[in-house]
Amino acid sequence: MEKKYNPKSFEDRLYREWEESGCFKAVRDDNKVPFTIVMPPPNITGQLHMGHAMDETLQDTIIRFKRMQGYCALWLPGTDHASIATEVKIVEEMKREGLTKEQLGRDGFLKRAWAWKEKYAGRICDQLKKLGSSCDWSRLTFTMDEKCSRAVREVFVNLYNKNLIYRGSRIINWCPQCKTTLSDVEVEYAEEAGNLWHIKYFVEGAQRALVVATTRPETMFGDTAVAVNPNDKRYKDLIGKNVILPVVNKSIPIVGDEHADMEFGTGVVKITPAHDPNDFEVGQRHNLPAVRVMNDDGTMNACAGKYEGLDRYECRKRLLKELEEDGYLVKTEPHTHNVGHCYRCRATVEPIVSKQWFVKMEDLARPAIDAVMNKKVTFIPERFAKTYYNWMENVKDWCISRQLWWGHRIPVWYCADCGAEICKKSDPDVCPVCGGRHLKQDEDVLDTWFSSALWPFSTLGYPDDTSDLEYFYPTDVLVTGYDIIFFWVSRMIFSGLEHMRKVPFRDVLMHGLVRDEKGRKMSKSLGNGVDPLEVIDKYGADSLRFSLLQGVAPGNDTRYSDAKVEACANFMNKIWNASRFVITNAEGRTVKPLGEIKLCAADKWIISKLQAVIRDVTLALNKYELGVACQMLYDFTWSDFCDWYIELSKPALYGADEGKKDAAISVLTFVLENILKLLHPFIPFITDEIYRSVPGTDGTVMLKDYPRYNSKLAYKKDAAAFEGIKDIITAVRAAKTELGCAPSKKVSLYMVTESKRLISANQDSILKLAGAKDITFISEASEAGEKAVAKVLPVGTVYIPMGELVDLGKERERLEGELETVMSEIRRADGKLNNTGFMMKAPKKLVDEERAKLDKYIAMREKILEQLKNL
RNA sequence: GGGAGCUUAGCUCAGUUGGGAGAGCAACUGCCCUACAAGCAGUGGGUCACAGGUUCGAGCCCUGUAGCUCCCACCA
């Protein structure tokens, strides 16, 4: 082993070895139970960020754990074509070259897009490898691969045939910059300061005027009515009459509709069915025409008259000026309101009536809700089920058509001869209705999330009845961020149920966002993102992984900090050095199985601790409590193994007794090997690198069995007794520090104790670790001399003669302090034991423990009192 | 308007069937002792936001209050 921990010297090499040896490959094995994770496919446009790093680390840890536990573990990787995000990027790139989509044409553009994909899809995969991701690369899938495209077609056609996909004119969200529709979840709302403009509309044939309030005056060209509340006494008599739309001088009706809120504004609302979801509904109720006033790029169309061709905001500005000059504008009131923005380009989204394709959600939502209610799918933590219900129960139809080129094209053709609409799995040559040959495919592509929704089964071979699908589906756990529940998780659930008749996964492990040091979201605009690859370069992948898992609870956001990674790097260093200690000391010695050696108290103690850790870590991992598991392993490795056990082993290791040496090195090796296995899922590189040097091991640790709790190795009594030895050592160390005695000065110890055998057996350890030269058993305090400090412990009293360093006054003070501590413990235990409620209702085990504590403290109290008396 | 989360040591956060408050970092003291100074030993530091309630027992369960954060819906 190299003297220094240097992750760069082995991480890439190990990854190559793992990959080449086929360790990550999952092949159906009917003697094993499958455990499947499908990776949330990163966008091909993307670069690895901290969010990915967290997501991938969680998945890798789980899959490595399951693999070691003997499952047929499949972690299926892939990438997403990310229709809109990718198209936006390519268009930007083209713009720099002075090119437009139109210039290239659809085919030319797609050619370029595929070239882009070839160039960048590999990048994110390489980055995942740097992290140590043990996914089965032979199954790498791209959402626009042939198999996914087949699945998309199959699903589309099936839903179409069931009338669950339909085409219709609805209000949709339009991004004027991306020039495409967006689904409801792709719109992000933000409060914006704006105005509420009060505009006068004259009533036809009367001297009255109604004043409407609007935040988007430019849409007035599309007004086809004004509405008042039918119960509103102010305007009731006007219902059925008309108003004259200013500027355009068009006559539009006054309708009575509950939508008009009497309390808001003037109580009169202009109705623009083509540009507002509520108005659209009002329009439906009153048979109003929907008049679109905007073009796809957010400029005004011919309906705006002289404003035609102007951008919507420029039009607003000039129109307001005109209205003001003509006396129509009666009031401008500041008003903050929620404005929708495109989640890709941030442009303000326009609600527009448009003919689009929709998935009818009502029938799909119900079973998806039930599946979670019935625990076929479990959210971890549970609270996210509520978020899910809330959305599912109120979900509206899903607009799936996008006016883009990069994506799955909608498998619908229109016959120019007879007007038929044909939806088919395979491209039709002739019209099945009229036999005509003039078929034209729908120009639009599908929402990216339409193919993502099929991911858990499209990747496994759907629509074919593959052996993989039968074996690996439903998958076991989906690991993803809570920000993606609506986009993806919910859609996978209803899609799985609809097309596979089974939920896509049993558990959904949610994690939060990785924020920056100050708790802010990492973002490009803030420039506060931390590049995981740079962190890996500096500290190694294991340190980054551990820092992302340690102290993290499911569903909670976490902060990234260099300090945290540094602390983890120190842990790696610790593991490295401890291993080096064990391995170098094992050179030339025989490492024996535990059964063949005589275990000393310290051995039994550490082995016992190890069993508890194995049990608890496994339990925690099965509950996806990775943060808790990390903490337990950290503490065990650093405190118990390194700080205590390695130190305890030194007397034997450096002594002359060959048998003891062999025993010590055997236990050290045994525990180290287990630590490496236990830690491997979290920090795969360092553990495997070390494992290969551990005597008696062969091959990679990633295919070894995960340690199992062995009750025969629990040694509960011996382990408990050994705590007495640790107490003695700690007490002597503390006493030395307290009195300012140099740690290197060897002191003599005198003990009054009933555990002479235990202490004698561990004398070497005590002397070495406490920095003492001898132990003498005595029967009373005076034998230790006058200038001795007394440490009263459960195992007995230790007297440490310190000569001139002892200040009797301070010693009295200290003992009185300890007495007070012990007394308060006695009061606490006594109180409990005298509480009839506690005695009657508390579990017996607890009562017994409490009684034992009381006895222990009473004994200590007597000893301290005696000590004080002697001072 | 609806919903969720958070509030624990100076800082960042764990604490999952309710049974003596923890870690890392920071601070203080002392140590290079043949794995590790990226280290070791020791020490200090918390009315677990607040107020009630349930219970023999509450950081944990229930109700309410306050502050912060997030999500959804809607606001012409």
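Naming convention: chains lettered A, B, ... in sequence-line order (proteins, then strands); numbering from 1 in each chain. Values reported hereafter were calculated over all heavy atoms of this structure, with side chains retained and with hydrogens, waters and symmetry mates removed. On a predicted model such as this, the values are computed, not experimentally measured, just so you know.
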Participant: Base, sugar-phosphate, or nothing: which does Arg828(A) touch, judged by heavy atoms less than 4.0 Å apart?
Facilitator: base

Participant: Show me the pairs that pass salt bridge (Lys or Arg N to Asp or Glu O under 4.0 Å) and involve residues 547-570 of chain A, at least two apart or across chains.
Facilitator: Arg515(A)-Asp557(A)

Participant: If the cut-off is 4.0 Å, is Lys518(A) near the phosphate of C11(B), judged by side-chain N/O to OP1 or OP2?
Facilitator: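 No, Lys518(A) has no side-chain N/O under 4.0 Å of OP1/OP2 on C11(B).
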
Participant: Using side chain to side chain contact (heavy atoms under 4.5 Å, CB included) as the criterion, list what pairs up with Asp483(A), not counting sequence neighbours.
Facilitator: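 Asp483(A) satisfies side chain to side chain contact (heavy atoms under 4.5 Å, CB included) with Leu513(A) once adjacent residues are dropped.
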
Participant: Tell me every residue that passes side chain to side chain donor-acceptor pair (under 3.5 Å) with Trp391(A), counting only those two or more places apart in sequence or in another chain.
Facilitator: none

Participant: Which range-with-range stems can be found for RNA chain B when each stem has 3 or more Watson-Crick or G-U pairs in a row and both distances sit under 3.5 Å?
Facilitator: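 Correct response: B:1-7 with B:66-72, B:10-13 with B:22-25, B:27-31 with B:39-43, B:49-53 with B:61-65.
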
Participant: Among all residues two or more places apart in sequence or in another chain, which pass the side chain to side chain contact (heavy atoms under 4.5 Å, CB included) test with Leu833(A)?
Facilitator: Met839(A), Val847(A), Glu850(A), Arg851(A), Leu854(A)

Participant: Any base atoms under 4.0 Å from Lys736(A), or only sugar-phosphate, or nothing? Heavy atoms, all strands.
Facilitator: nothing

Participant: Does Glu647(A) make a side-chain donor-acceptor contact with the base of A35(B), cut-off 3.5 Å?
Facilitator: yes

Participant: Would the Phe487(A) and Tyr343(A) ring centres measure less than 6.0 Å apart?
Facilitator: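 Yes, they do, as the ring centres are separated by less than 6.0 Å.
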
Participant: Partners of Arg234(A) by side chain to side chain contact (heavy atoms under 4.5 Å, CB included), sequence neighbours excluded?
Facilitator: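 Arg234(A) satisfies side chain to side chain contact (heavy atoms under 4.5 Å, CB included) with Asp232(A), Met262(A) once adjacent residues are dropped.
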
Participant: With sequence neighbours left out, write down each residue that passes side chain to side chain donor-acceptor pair (under 3.5 Å) with Glu188(A), or none if nothing qualifies.
Facilitator: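 Arg346(A).
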
Participant: Applying a 4.0 Å non-hydrogen cut-off, can you work out what Tyr857(A) is touching in the nucleic acid: base, sugar-phosphate, or nothing?
Facilitator: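 The answer is base, as Tyr857(A) lies within the cut-off (heavy atoms under 4.0 Å) of a base atom.
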
Participant: Glu566(A) has an atom CD; how far is it from atom P of G24(B), in whole Å?
Facilitator: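 Roughly 16 Å, once rounded to whole Å.
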
Participant: Could you list the donor-acceptor pairs under 3.5 angstrom formed by side chains in residues 628-639 of chain A, with sequence neighbours left out?
Facilitator:
| from | atom 1 | to | atom 2 | distance (Å) |
| --- | --- | --- | --- | --- |
| Gln631(A) | NE2 | Asp635(A) | OD1 | 3.3 |
| Thr637(A) | OG1 | Leu633(A) | O | 2.7 |
| Ser639(A) | OG | Asp635(A) | O | 3.4 |

Participant: Could you work out the separation of C60(B) and U16(B) based on their C1' atoms and round it to a whole Å?
Facilitator: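 Straight-line distance between the two C1' atoms is 9 Å.
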
Participant: Can a salt bridge be assigned to the pair Arg285(A) and Glu258(A) using a cut-off of 4.0 Å between side-chain N and carboxylate O?
Facilitator: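 No, no charged N to carboxylate O under 4.0 Å.
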
Participant: Can a side chain N or O of Lys386(A) be found less than 4.0 Å away from OP1 or OP2 on A4(B)?
Facilitator: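 Yes, because at least one side-chain N or O of Lys386(A) sits under 4.0 Å from OP1 or OP2 of A4(B).
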
Participant: Got a salt bridge between Glu818(A) and Arg814(A), using NZ or NE/NH1/NH2 to carboxylate O under 4.0 Å?
Facilitator: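 Answer for the salt bridge query: yes.
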
Participant: For the P atoms, the ones on U65(B) and on U47(B), what distance do you get once it is rounded to whole angstrom?
Facilitator: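 Per the computed distance, 26 Å lies between those P atoms.
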
Participant: Would you please name every residue forming a side chain to side chain contact (heavy atoms under 4.5 Å, CB included) with Lys726(A), sequence neighbours left out?
Facilitator: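 Counting only residues at least two positions away or on another chain, Lys726(A) forms a side chain to side chain contact (heavy atoms under 4.5 Å, CB included) with Trp605(A), Trp644(A), Phe722(A), Glu723(A).
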
Participant: Determine which pairs satisfy salt bridge (Lys or Arg N to Asp or Glu O under 4.0 Å) with at least one residue from residues 211-220 of chain A, sequence neighbours left out, and list them in order.
Facilitator: Arg216(A)-Asp276(A), Arg216(A)-Glu350(A), Glu218(A)-Arg316(A)

Participant: Looking at every strand, decide which applies to Thr215(A) at a 4.0 Å heavy-atom threshold: base, sugar-phosphate, or nothing.
Facilitator: sugar-phosphate

Participant: At 4.0 Å (heavy atoms only), tell me whether Pro843(A) reaches a base, stays on the sugar-phosphate, or touches nothing.
Facilitator: base

Participant: Sticking with atom P, work out how far C13(B) lies from C28(B), rounded to a whole angstrom.
Facilitator: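 About 24 Å, rounded to a whole number of Å.
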
Participant: Which value, in whole Å, describes the distance between the P atoms of nucleotides G45(B) and U34(B)?
Facilitator: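 Straight-line distance between the two P atoms is 34 Å.
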
Participant: Are Lys768(A) and Asp764(A) close enough for a salt bridge, meaning some N to O gap below 4.0 Å?
Facilitator: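 Answer for the salt bridge query: no.
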
Participant: Quick one: label Tyr482(A) by what it contacts on the DNA or RNA (base, sugar-phosphate, nothing), any heavy atom closer than 4.0 Å.
Facilitator: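 Answer is nothing: Tyr482(A) stays at 4.0 Å or more from every strand.
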
Participant: Would you mind classifying the nucleic acid contact of Thr387(A) as base, sugar-phosphate or nothing, using non-hydrogen atoms under 4.0 angstrom?
Facilitator: nothing

Participant: Show each protein N/O and nucleotides 12-14 of chain B N/O combination with a separation under 3.5 Å, one pair to a line.
Facilitator:
| from | atom 1 | to | atom 2 | distance (Å) |
| --- | --- | --- | --- | --- |
| U12(B) | O3' | Arg559(A) | NE | 3.1 |
| C13(B) | OP1 | Arg559(A) | NE | 2.6 |
| C13(B) | O2' | Gly551(A) | O | 2.9 |
| A14(B) | OP1 | Asn556(A) | ND2 | 2.8 |
| A14(B) | O5' | Gly551(A) | O | 3.4 |

Participant: Between C1' on C71(B) and CD on Glu188(A), what's the gap in Å once rounded to a whole number?
Facilitator: 12 Å

Participant: Mind checking the C1' distance from G57(B) to A23(B)? Whole angstroms is fine.
Facilitator: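 It works out to 26 Å between them.
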
Participant: Which parts of nucleotides 39-45 of chain B does protein reach within less than 4.0 Å, heavy atoms only, written one letter per nucleotide 5' to 3' as B for base, S for sugar-phosphate only and - for none?
Facilitator: SSSS---

Participant: Within the stacking criterion (centroid distance below 5.5 Å, interplanar angle below 30°), does Tyr654(A) stack on U34(B)?
Facilitator: yes

Participant: Within the structure shown, what part of the strands sits under 4.0 Å from Lys650(A) by heavy-atom distance: base, sugar-phosphate, or nothing?
Facilitator: base

